[in-house]
Amino acid sequence: MKIPFHIIAIFSLAIILTVGLQSCEEVTPDSPPENVVATDSILTIAQLRAKFVGAPVNFTGGYHVFGVLTSDERSGNFHRSHFIQDATGAICIRFDSGDDHMIGDSVRVSLRNTTLSAFNNLVQIDQVVFQTHVVIQATNRPITPRLVTIPEILAGGLQGMLIKLENVQVVSAELARPFVGNITLEDCSGNRIIIRTSDFANFATTQVPQGRGNIVAIVSVFGTTWQLLLRSLDEMQFTNPRCGAI
């Protein structure tokens, strides 16, 4: 029996397409997942900080550091300079521009073509390009602040960390002033530390609270002066009566 030509043509085309698809599958390599990096290229924040021994470190290799953002742009008190934290420590990262990352974003930061340096003793990763170096791994993973005392902050070792102080107040001589610039915080034993507020913070012109209470902030330093950076007025709950005059 003679098979019609159109049936032969359809059968032949099916064979050609099948072979072509198989060939494509055989020669096209698999692409690695976007966020997979070699284990030996990952640094903890403590390991990264340890690489700074006084002179800037320029990264040309493919190192990466993972952490959770503890600051963002919403209050205006942080602009381009933000902080990330992991289980080993925290560090400042300097973006090339403003960004829309949020507190609680878990991120991977590529260190290629960045510089590890210090500005007035604040260790930082500089030249971080927002759209290139940072990849969000997850969202809404906020860090729990570490409960500390003012003397523990002044002793060093907490640079960049998100902390909580309890039973503190603004010194009486500064109760009539707004947040902008430096204000002095004290505990009931007379230990003191600076709160530093940017001119651009949305609470810069707000008068400081009159009572005593708790504060959540990020530890920073300028030269030899330890200071706290407030993320939001909501994290300064001073509703208790003041300590006695100090």
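For the atom pair Arg74 CZ and Asp100 CG, the distance stands at 11.5 Å (nearest 0.5 Å). Distance check: Leu111 CG to Ile93 CD1 gives 10.0 Å after rounding to the nearest 0.5 Å. Rounding to the nearest 0.5 Å gives a distance of 9.5 Å between CG of Asn191 and CD of Glu186. Note that CD of Glu174 is 11.5 Å distant from CZ of Phe179, once rounded to the nearest 0.5 Å. Between the CD1 atom of Ile103 and the CG atom of Asp72 there is a distance of 4.0 Å, given to the nearest 0.5 Å. Taken from CG in Leu228 to OG1 in Thr197, the straight-line distance is 10.0 Å, to the nearest 0.5 Å.
By the rule that hydrophobic residues join a cluster once side-chain heavy atoms approach within less than 4.5 Å of another member, Met161 and Leu154 end up as members of one cluster. Residues Val65 and Val68 do not share a hydrophobic cluster, defined by chaining ILVMFWY side chains whose heavy atoms lie under 4.5 Å apart. Cluster membership check: Ile163 shares its hydrophobic cluster with Ile183, using side-chain heavy-atom separations under 4.5 Å among Ile, Leu, Val, Met, Phe, Trp and Tyr. Hydrophobic clustering (ILVMFWY, side-chain heavy atoms < 4.5 Å, transitive): Leu69 and Ile136 are in one cluster. Linking ILVMFWY residues whenever their side-chain heavy atoms come closer than 4.5 Å, directly or via other members, places Ile45 and Phe52 in the same cluster.
For Gln169 against Cys243, the heavy-atom pair with the smallest separation is OE1-N, 2.8 Å. Listed here is the closest heavy atom pair of Ser117 and Asp126: OG-CB, 4.3 Å. Residues Ile218 and Ser71 come closest through the heavy atom pair CD1-CB, 3.9 Å. Contact between Pro178 and Ala204 at its shortest, heavy atoms only, is CB-O, 3.4 Å. In terms of heavy-atom proximity, Val216 sits nearest to Leu230 at O-CD1, 3.5 Å. Pairing each heavy atom of Leu165 with each of Thr149, the nearest pair is CD2-C, 3.6 Å.
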When you look at Ser110 and His133, which way does the side chain to side chain donor-acceptor pair (under 3.5 Å) test go after all the steps?
-> CA-CA 5 Å; Ser110 169; His133 289 104; 5.1 Å; no
Checking ring pair (Phe, Tyr, Trp, His ring centres under 6.0 Å) for the pair His79/Phe200: CA distance, chi angles, key distance, verdict?
-> CA-CA 9 Å; His79 177 63; Phe200 299 101; 7.8 Å; no
I would like to know whether Ser81 and Arg94 meet side chain to side chain donor-acceptor pair (under 3.5 Å); could you show each step before the answer?
-> CA-CA 5 Å; Ser81 292; Arg94 285 275 299 163; 2.9 Å; yes
Passes side-chain contact (heavy atoms from CB on, under 4.5 Å), Ser220 versus Leu122? Steps please.
-> CA-CA 7 Å; Ser220 185; Leu122 179 65; 3.9 Å; yes
Carefully, step by step, assess Ile91 and Val123 under the rule side-chain contact (heavy atoms from CB on, under 4.5 Å).
-> CA-CA 7 Å; Ile91 195 167; Val123 179; 4.0 Å; yes
Please report the C-alpha distance between Arg231 and Asn77 in whole Å, then the side-chain angles of each, then the deciding distance to 0.1 Å, and finally whether the side chain to side chain donor-acceptor pair (under 3.5 Å) criterion is met.
-> CA-CA 7 Å; Arg231 303 187 301 181; Asn77 204 30; over 6 Å; no
Given Phe203 and Ser75, is the side-chain contact (heavy atoms from CB on, under 4.5 Å) satisfied, shown in steps?
-> CA-CA 8 Å; Phe203 54 88; Ser75 72; 4.2 Å; yes
Would you check, one step at a time, whether the test side chain to side chain donor-acceptor pair (under 3.5 Å) holds for Asn182 with Arg196?
-> CA-CA 5 Å; Asn182 292 341; Arg196 175 69 183 175; 3.2 Å; yes
Start with the C-alpha distance between Phe95 and His101, add both sets of side-chain angles, then the distance that settles side-chain contact (heavy atoms from CB on, under 4.5 Å), and finish with yes or no.
-> CA-CA 11 Å; Phe95 287 122; His101 289 349; 4.0 Å; yes
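Within the 4.5 Å cutoff, no side-chain heavy atoms of Leu158 are placed close to those of Trp226. Here the side chains of Leu185 and Arg192 are not in contact, with every heavy-atom distance at 4.5 Å or above. Under the 4.5 Å side-chain criterion, counting only non-hydrogen atoms from C-beta, Val180 is not in contact with Thr205. Proximity of Thr70 to Ile84: side-chain heavy atoms (C-beta onward) are nowhere separated by under 4.5 Å. Side chains of Gln210 and Phe238 form no contact here, defined as non-hydrogen atoms less than 4.5 Å apart. Between Val168 and Ile215 there is a side-chain heavy-atom pair separated by less than 4.5 Å.
For the pair Arg212 (side chain) and Pro241 (backbone), a donor-acceptor distance under 3.5 Å is present. Side-chain N or O atoms of Gln137 include one that pairs as donor or acceptor with a backbone N or O of Val135 at under 3.5 Å. A donor-acceptor pair is defined here as one N or O able to donate and one able to accept, closer than 3.5 Å; no such pair exists between the side chain of Arg112 and the backbone of His64. With Gln237 contributing its side chain and Asp234 its backbone, the two residues share a donor-acceptor pair below 3.5 Å. Between the side chain of Asp86 and the main chain of Thr88, a donor-acceptor pair closer than 3.5 Å is present. Not one N or O on the side chain of Gln85 forms a donor-acceptor pair closer than 3.5 Å with the backbone of Ile143.
Note on ring orientation: taking the six-membered ring where Trp is involved, the planes of Phe83 and Phe78 are perpendicular (angle over 60°, cut-offs 30° and 60°).
Under a cut-off of 6.0 angstrom, the local environment of CZ in Arg146 is sparse, with at most 12 non-hydrogen atoms contributed by other residues, nucleotides or ligands.
Judged by the 6.0 Å distance and 45° axis criteria, Lys51 is not positioned over the aromatic ring of Phe59.
The residue from Thr114, Asp96, Thr115 that alone fulfils the side chain to side chain donor-acceptor pair (under 3.5 Å) condition with Gln127 is Thr115.
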